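Counting begins at 1 with the first residue of the sequence. Computed over heavy atoms, backbone and side chain alike; hydrogens, waters and symmetry mates excluded. This one's a predicted model, so the numbers in the text were calculated from it and none came from an experiment.
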Amino acid sequence: MCGIVGMVGKSNVNVALYDALTMLQHRGQDAAGIMTCHNGKMAQQKAVGLVQDVFRTRHMQRLVGNMGIGHVRYPTAGSSGPALAQPFYVNSPYGIALAHNGNLTNTESLSKDLFLADLRHVNTDSDSEVLLNVFAHELQLQGKLRPTSDDIFKAVEGVHKRVRGGYSVVAMIASYGVLAFRDPNGIRPLVFGERMSENGREYMIASESVALDVLGFKLLRDVAPGEALFINVDGELFTRQCAEHTQLSPCIFEHVYFARPDSIMDGVSVYKARLRQGERLAEKILALRPDHEIDVVIPIPDSSRVAGQALAQKLGVKFREGLVKNRYIGRTFIMPGQQQRKKSVRQKLNAIDLEFRGKNVMLVDDSIVRGTTCQQIIQMARDAGAKKVFFASAAPEVKYPNVYGIDMPSASELIAHGRTVEQVADAIGADWLVYQDIEDLIAASAEGNPEIPRFDCAVFDGDYVTGDVNEEYLRKLEAMRNDLAKSQRADGKMSSSQNSIVGIHNS
């Protein structure tokens with residue numbers, strides 16, 4: 001999962017891109033990058049680190065131009081390093097830079113085709129670089145000295161025919177403009193908006209609407225599944241549907257965990273969806289345990305706070321902020337190695353004893369993935385003096401890996417995989433545990449936009465919307481994503497042939 005942004009303005013866009021990336025920082029803390037274009041010349045700054053650490057005044061001074069793209073990176077499959085920071089760039093044809101949020105499921109076959117048939121070289125194990133080269137090849141096939149919007153859209157059509165998986169993309173073609181497109185299932189989010197400056201209309205594309213809000217852009221709409229839009233260097237907007245078969249199937253885990261609550265995705269307010277998650281979970285608790293004994297509801301910050309508030313209100317019990325978060329620690333479920341995750345949880349959260357001592361506490365989290373974090377937090381609650389500790393997950397049991405851009409662990413490392421609810425409760429040390437029902441989770445999101453035909457819920461039900469994920473693929477993914485493999489990769493012990501089984505996905 002990453003954050004992407006693209007902009008065509010009437011003056012330098014570097015500061016606007018920087019500000020947008022800071023608003024998307026929650027989508028990736030591993031690396032950041034910006035590329036701009038002025039008079040046909042590309043300028044770039046990218047490095048490992050947070051947005052505020054990657055860009056300095058000297059960098060901004062050379063990132064000139066009225067169009068540009070940016071990226072914040074979240075390393076899936078545990079891979080990291082400066083070479084994998086985005087945007088990526090190829091000089092042929094025209095000079096193209098690209099940034100990508102998502103994950104391709106046919107990286108291996110695409111890489112082979114690029115080398116054997118397209119005669120293109122891919123320098124990293126990133127599926128984003130593969131995607132860039134596929135697009136560059138398709139655009140080169142148009143055979144134009146000066147490409148038109150029609151040529152660019154035909155190239156995107158070629159990409160959709162060759163590429164599988166979840167992807168939202170922003171790209172910049174030197175001297176011509178900024179392009180954005182979304183996969184035919186609309187798995188990964190992408191929105192665009194406009195604002196009027198002193199010199200005319202400006203456009204921005206971003207992963208989440210919050211990036212538009214803070215910069216004064218009016219949200220126009222989401223980019224439709226399979227749709228592409230192109231904004232030329234003069235600020236003219238062109239759009240076209242570029243895929244033959246489309247069905248909006250957005251990732252529901254965005255509403256559970258990844259997205260900011262103040263974003264709107266595919267017409268759904270993330271904040272309202274999380275409120276409804278909490279209300280429906282409270283209804284389940286009242287049905288299963290009318291005498292629940294809960295004295296206080298305490299959320300595990302930050303993404304469960306909204307659901308926790310709604311749950312407490314529905315139950316008619318107190319809501320308290322009993323856990324204080326260190327905001328300088330990253331999201332722990334993506335960190336390789338159990339020992340590192342355990343250390344991070346202790347550094348990340350601290351309990352306020354007065355809110356726990358002598359009380360029956362209901363802890364609320366957005367989801368339970370490995371169980372490592374909630375196990376330690378439950379123990380923290382007991383150490384702080386809680387009489388009983390109950391646990392509620394605003395999402396159903398996570399039983400399957402994600403293949404569309406979220407680095408879920410391998411299936412064997414998911415605590416709910418192959419376990420009953422009671423067994424999970426025992427493993428994490430809760431007095432009792434309640435999960436959201438998948439029907440209620442879907443309903444909580446669908447109420448925001450009843451026109452969405454389906455959601456990608458594969459991590460909960462194993463139904464992968466692209467239809468190309470089979471047992472063999474998941475076995476290969478298991479080999480790539482387990483903790484041992486990540487540890488070996490970090491130590492440089494895994495061979496490049498192992499890396500390319502399904503591709504080390506970096507978007």
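A distance-only check finds no donor-acceptor pair linking the side chain of Gln375 to the backbone of Ile428 [under 3.5 Å]. Asn402 contributes no side-chain N or O that, together with a main-chain N or O of Met408, makes up a donor-acceptor pair within less than 3.5 Å. With Asp456 contributing its side chain and Cys251 its backbone, the two residues share no donor-acceptor pair below 3.5 Å. At least one donor-acceptor pair under 3.5 Å links the side chain of Arg182 to the backbone N or O of Arg188. Listed for the Ser304 side chain is a donor-acceptor partner under 3.5 Å among the backbone atoms of Val364. Put simply, the side chain of Gln86 never gets that close to the backbone of Gly33: no donor and acceptor are under 3.5 Å apart. The backbone N or O of Gln25 sits less than 3.5 Å from a side-chain atom of Gln29, completing a donor-acceptor pair. The closest donor-acceptor contact from the side chain of His255 to the backbone of Arg274 lies at 3.5 Å or more, if one exists at all. For the pair Asp431 (side chain) and Val389 (backbone), a donor-acceptor distance under 3.5 Å is present. With Asp183 contributing its side chain and Gly166 its backbone, the two residues share no donor-acceptor pair below 3.5 Å.
Ion pairing between Arg305 and Asp366 fails under the 4.0 Å rule for side-chain N and carboxylate O. A salt bridge does not link Lys284 with Asp440: every distance from a Lys NZ or Arg NE/NH1/NH2 to an Asp or Glu carboxylate oxygen is 4.0 Å or more.
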* **salt bridge (charged side-chain N to carboxylate O under 4.0 Å, His left out) between Arg370 and Glu413, intermediate numbers included** => CA-CA 6 Å; Arg370 297 175 184 266; Glu413 293 168 346; 3.5 Å; yes

* Under the side-chain contact (heavy atoms from CB on, under 4.5 Å) rule, what do Leu179 and Val170 come out as? Steps first, then yes or no, please. => CA-CA 6 Å; Leu179 167 72; Val170 290; over 6 Å; no

* For Lys314 and Glu283, what are the C-alpha separation, side-chain angles and deciding distance, and is it a side-chain contact (heavy atoms from CB on, under 4.5 Å)? -> CA-CA 8 Å; Lys314 190 81 171 181; Glu283 290 170 0; 3.5 Å; yes

* Could you check Asp222 against Leu190 for side-chain contact (heavy atoms from CB on, under 4.5 Å), going step by step and ending with a plain yes or no? => CA-CA 6 Å; Asp222 298 85; Leu190 195 64; over 6 Å; no

* **Steps toward side chain to side chain donor-acceptor pair (under 3.5 Å) verdict (Glu208, His26)** => CA-CA 11 Å; Glu208 295 188 33; His26 61 286; 2.8 Å; yes

* Pair Tyr257-Met1, side-chain contact (heavy atoms from CB on, under 4.5 Å): steps then yes or no -> CA-CA 11 Å; Tyr257 176 75; Met1 192 72 65; over 6 Å; no

* Asked: Stepwise, does the ring-ring contact (aromatic ring centres under 6.0 Å, His included) test hold for Tyr435 with Phe391?
  -> CA-CA 9 Å; Tyr435 282 101; Phe391 205 95; 8.7 Å; no

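Note: Phe460 and Phe253 have tilted aromatic rings, judged against thresholds of 30 and 60 degrees for the angle between ring planes. Ring geometry for Phe135 against Phe181 counts as tilted: the plane angle lies between 30° and 60°, on a 0 to 90° scale.
The nearest pair of heavy atoms linking Gly81 to Asp30 is N-OD2, 4.4 Å. Closest of all the heavy-atom pairs between Ala32 and Val51 is CB-CG2, 4.1 Å. Between Gly70 and Ala99, the closest heavy-atom pair is O-CB, 4.1 Å. Here the shortest heavy-atom pairing between Ser393 and Ser367 reads OG-CA, 3.5 Å. When all heavy atoms of Cys2 and Asn101 are compared, the pair lying nearest together is N-OD1, 2.9 Å. Minimum heavy-atom separation, Gln423 to Thr420: OE1-N, 2.8 Å.
The only member of Arg120, Arg162, Lys161 that meets salt bridge (charged side-chain N to carboxylate O under 4.0 Å, His left out) when paired with Glu138 is Arg162. Looking at Asp468, Thr466, Asp127 one by one, the single match for side chain to side chain donor-acceptor pair (under 3.5 Å) with Thr105 turns out to be Asp468.
The shortest side-chain heavy-atom distance between Leu441 and Pro396 falls under the 4.5 Å cut-off. Using a 4.5 Å cut-off on side-chain heavy atoms (C-beta onward), Phe192 and Val223 make contact. Contact of the Glu254 side chain with the Val270 side chain is not registered, since no non-hydrogen atoms from C-beta on lie closer than 4.5 Å. Counting only heavy atoms from C-beta outward, the side chains of Asp383 and Gln379 approach each other to under 4.5 Å. Annotation: side chain of His245 is not in contact with side chain of Pro184 (no heavy-atom distance under 4.5 Å). Looking at heavy atoms from C-beta onward, Cys374 lies out of side-chain contact with Leu363 at the 4.5 angstrom threshold. At least one side-chain heavy atom of Lys325 sits under 4.5 Å from a side-chain heavy atom of Asp302. Looking only at side-chain heavy atoms (C-beta outward), Arg276 and Val306 stay at 4.5 Å or farther from each other.
Going from atom OG of Ser111 over to atom CG of Asp125 covers 8.5 Å, rounded to the nearest 0.5 Å. To the nearest 0.5 Å, the span separating CG on Asp365 from CD1 on Ile300 amounts to 4.0 Å. Here the CD-CG distance, from Glu129 to Asn123, works out to 5.5 Å after rounding to the nearest 0.5 Å. The OG1 atom of Thr373 lies 10.5 Å from the CD1 atom of Ile368; values are rounded to the nearest 0.5 Å. Of the inter-residue distances, the one linking Ser126 atom OG with His100 atom NE2 reads 8.0 Å to the nearest 0.5 angstrom. Taken to the nearest 0.5 Å, the CG atom of Asn449 stands 11.0 Å off from the CD1 atom of Ile264.
Between Gln52 and Thr22, the side chains place no donor N or O within less than 3.5 Å of an acceptor N or O (distance only, hydrogens not considered).
In Lys272, the NZ atom is not crowded: 12 or fewer heavy atoms of neighbouring residues, nucleotides or ligands sit closer than 6.0 Å.
A cation-pi geometry, defined here as NZ or CZ lying under 6.0 Å from the six-membered ring centre and within 45° of its normal, does not hold between Lys387 and Phe356.
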